[in-house]
Amino acid sequence: MAWGQVARRPIASLLSRAQQQGAQVYTSSTTSQTHLLSNHFPQNGMLHRRFSSEVPASEQMGLIKQLRERTSAPIKDVKASLVSCNWDIEEAQKDLRKRGVILAAKKSSRTAAEGLLAMAQDEKRAAVVELNCETDFVARNEVFQYLASSLAKMVLSVQDPGKLVFPFAPAYLENMSINLDHPKLSGETTVRDAVTEVAAMVGENVKLRRGFMFSTAGHGVVSSYLHNCPRPGLGRMAGLVTLEAEDSSAPLDALKRVGSSIAMHIVAQKPLFLSKDLVSAAALENERDVLRTQAEKSGKPPMAMEKMVEGRLRKYFEEVVLLEQKYVVNDSTNIKTLLNDLSKEVGSKVTIGNFVRMEVGEGIERPEEADVPQATARAA
């Protein structure tokens, strides 16, 4: 028995000494012996440095920083890609792009009602596109803004569709090539892939929603106005209008000046129709029904009620018809009078060809709005 106790002491002592040596070697060197010892003695949290045998910790931080600057991806995803690609930064960047496509697809069902309108124009044409995201925080992202501006410029550069007003859906652009000269983006790609790449980068659903191309066929100008501009060519509300002069020798400077103010007026006053003649029959009949119902409550004779309806219809036209609206810059006149004065100034009749007003997210049902009727019903 005494011999057995004596024999066990040196064995225990040897094991204890081996453990201490293994721990000391693992924390002080990165040789192959380190791996062998670490496999047998994974105590004291030392396994987390197993991958650092080829890339020192200081270099790892540098690679993470470089890839984050290149891609703007979340730091957790950046590190995961680098580790899975054995710290090869080029392969890790490709891996991030592949991950991004999957993540973007998962986010595509989420509501994207924020974003920006981007505009580009020349002397005769203008293009505006709406690029949506989920939050105004991403709308302030420099890469998101760059993509929006690039899309508008691309639309302006494509072949003229031959229409003075050309509204288009995303399908019109998605398969077209676009060259993104930005250090964080992939260079030449398709519009669809560019949108997907930015969605993966910012971590939100990003969608190209719609666009308009405007042009003037005759002697005239395309004027525009953007409201809430984070930078030139971008905004949350946009107005576009074409002014045309009958005389081809009429100076265009005056048309540009007045056109810009009318575009601003369009954003502020939200006209629905150009002239009274263009008010749709359905809109007019709907308004008449509302006004008749209001007049009947007055208890006045039928003839008096009809006069009330006609008087209120004039007010309706002043609210929704551009030419009848009071000029936002000077409410003592209206847009029709403003054009008449401009015609006298340039010595030729000037008319409005077309106009459009756009606002980010208009017509998109937001989740909080969808919940309101349900909440009201429960309260009732």
Side-chain angles (χ1 to χ4, degrees), residues 63 66-75 77-78 80-82 84-85 88-110 112 114-122 125 127-135 137-161 166-213 230-234 360:
L63 289 169
Q66 285 181 51
L67 188 55
R68 177 122 167 87
E69 288 174 351
R70 282 191 192 184
T71 63
S72 294
I75 193 167
D77 296 335
V78 166
S81 289
L82 282 166
S84 67
C85 296
D88 183 325
I89 193 168
E90 300 301 331
E91 289 300 317
Q93 187 168 351
K94 292 178 185 177
D95 182 65
L96 272 176
R97 288 190 65 197
K98 292 175 185 176
R99 291 171 184 249
V101 171
I102 297 170
L103 291 173
K106 290 180 179 178
K107 295 179 176 73
S108 63
S109 62
R110 301 195 318 215
E114 293 294 331
L116 288 169
L117 299 173
M119 188 180 296
Q121 68 182 101
D122 55 27
R125 295 190 303 158
V128 58
V129 297
E130 180 177 355
L131 187 66
N132 293 131
C133 55
E134 296 177 47
T135 64
F137 175 77
V138 166
R140 296 194 295 271
N141 180 282
E142 186 265 337
V143 176
F144 181 89
Q145 293 182 358
Y146 176 84
L147 176 61
S149 296
S150 299
L151 289 170
K153 291 172 184 174
M154 190 204 79
V155 172
L156 195 65
S157 69
V158 300
Q159 185 176 359
D160 192 326
F166 180 60
F168 57 85
Y172 176 70
L173 297 180
E174 283 180 341
N175 294 320
M176 292 186 183
S177 294
I178 185 170
N179 188 21
L180 301 173
D181 186 16
H182 191 283
K184 293 183 179 179
L185 297 173
S186 299
E188 189 166 351
T189 183
T190 64
V191 169
R192 180 189 287 109
D193 289 346
V195 172
T196 299
E197 185 176 358
V198 171
M201 188 177 296
V202 300
E204 288 192 6
N205 184 16
V206 174
K207 285 187 175 180
L208 172 61
R209 185 186 179 202
R210 57 176 174 163
F212 275 90
M213 193 182 299
R231 63 172 63 183
L234 298 172
V360 169

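Note that the structure is predicted; figures quoted are calculated from it, not measured.
- Listed for the N205 side chain is no donor-acceptor partner under 3.5 Å among the backbone atoms of A112.
- By the side chain to side chain contact (heavy atoms under 4.5 Å, CB included) test, S150 is found to be paired with Y146, I178, L180, residues two or more places apart in sequence or in another chain being considered.
- Rounded to the nearest 0.5 angstrom, S81 OG and L63 CG are separated by 12.5 Å.
- In this structure, I89 and Q66 have side chains that are in contact, with non-hydrogen atoms separated by less than 4.5 Å.
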Next item on the list: Please test V198 against L185 for side chain to side chain contact (heavy atoms under 4.5 Å, CB included), starting from the C-alpha separation and ending with a verdict.
Entry: CA-CA 8 Å; V198 171; L185 297 173; 3.9 Å; yes

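- Taking every heavy atom of both residues into account, P167 and F212 meet most closely at CB-CE2, 3.5 Å.
- In terms of the ring-ring contact (aromatic ring centres under 6.0 Å, His included) criterion, residue partners of F166 (sequence neighbours excluded) are, by chain and number, Y172.
- By the salt bridge (charged side-chain N to carboxylate O under 4.0 Å, His left out) test, R192 pairs with E174, sequence neighbours left out.
- Every residue meeting the side chain to side chain contact (heavy atoms under 4.5 Å, CB included) condition with D122, not counting sequence neighbours, appears here in chain and number order: K124, R125, L156.
- The minimum heavy-atom distance linking G187 with N179 is given by the pair C-OD1, 3.6 Å.
- A heavy-atom distance below 4.5 Å is not found between the side chains of V202 and C133.
- In this view, E142 and H182 satisfy the side chain to side chain donor-acceptor pair (under 3.5 Å) rule, not counting sequence neighbours.
- A118 and S149 get closest at one heavy-atom pair: CB-N, 3.9 Å.
- Taking CG of N175 as the reference point, atom CG of D193 lies at 9.0 Å (rounded to 0.5 Å).
- With sequence neighbours excluded, the residues forming a side chain to side chain donor-acceptor pair (under 3.5 Å) with T135 are E204, listed by chain and number.
- Partners of S157 according to the side chain to side chain donor-acceptor pair (under 3.5 Å) rule, which considers only residues two or more places apart in sequence or in another chain, do not exist here.
- You'll find the side chain of R140 stays beyond 4.5 Å of the side chain of P230, heavy atoms only.
- For Q121, the side chain to side chain contact (heavy atoms under 4.5 Å, CB included) partners are M119, A126, S224, not counting sequence neighbours.
- Between the CG atom in L147 and the CE atom in M201 there is a gap of 10.0 Å [rounded to 0.5 Å].
- Closest approach of L234 to A148, counting heavy atoms only: CD2-CB, 4.1 Å.
- Rounded to the nearest 0.5 Å, atoms CG (N132) and CZ (R209) are 6.0 Å apart.
- Using a 4.5 Å cut-off on side-chain heavy atoms (C-beta onward), M154 and V129 make no contact.
- Minimum heavy-atom separation, F144 to V206: CE1-CG1, 3.9 Å.
- Formation of a donor-acceptor pair under 3.5 Å by the E114 side chain with backbone atoms of A139 is not found in this model.
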Next item on the list: Please step through side chain to side chain contact (heavy atoms under 4.5 Å, CB included) for the pair V195 and K207, ending with a clear verdict.
Entry: CA-CA 7 Å; V195 172; K207 285 187 175 180; 5.8 Å; no

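- In this structure E90 satisfies the side chain to side chain donor-acceptor pair (under 3.5 Å) test together with R70, sequence neighbours excluded.
- Scanning both residues, A127 and V155, for their nearest heavy atoms gives CB-CG1, 3.6 Å.
- In this structure, the side chain to side chain contact (heavy atoms under 4.5 Å, CB included) partners of R210, at least two apart in sequence or on a different chain, are E130, M358, E362.
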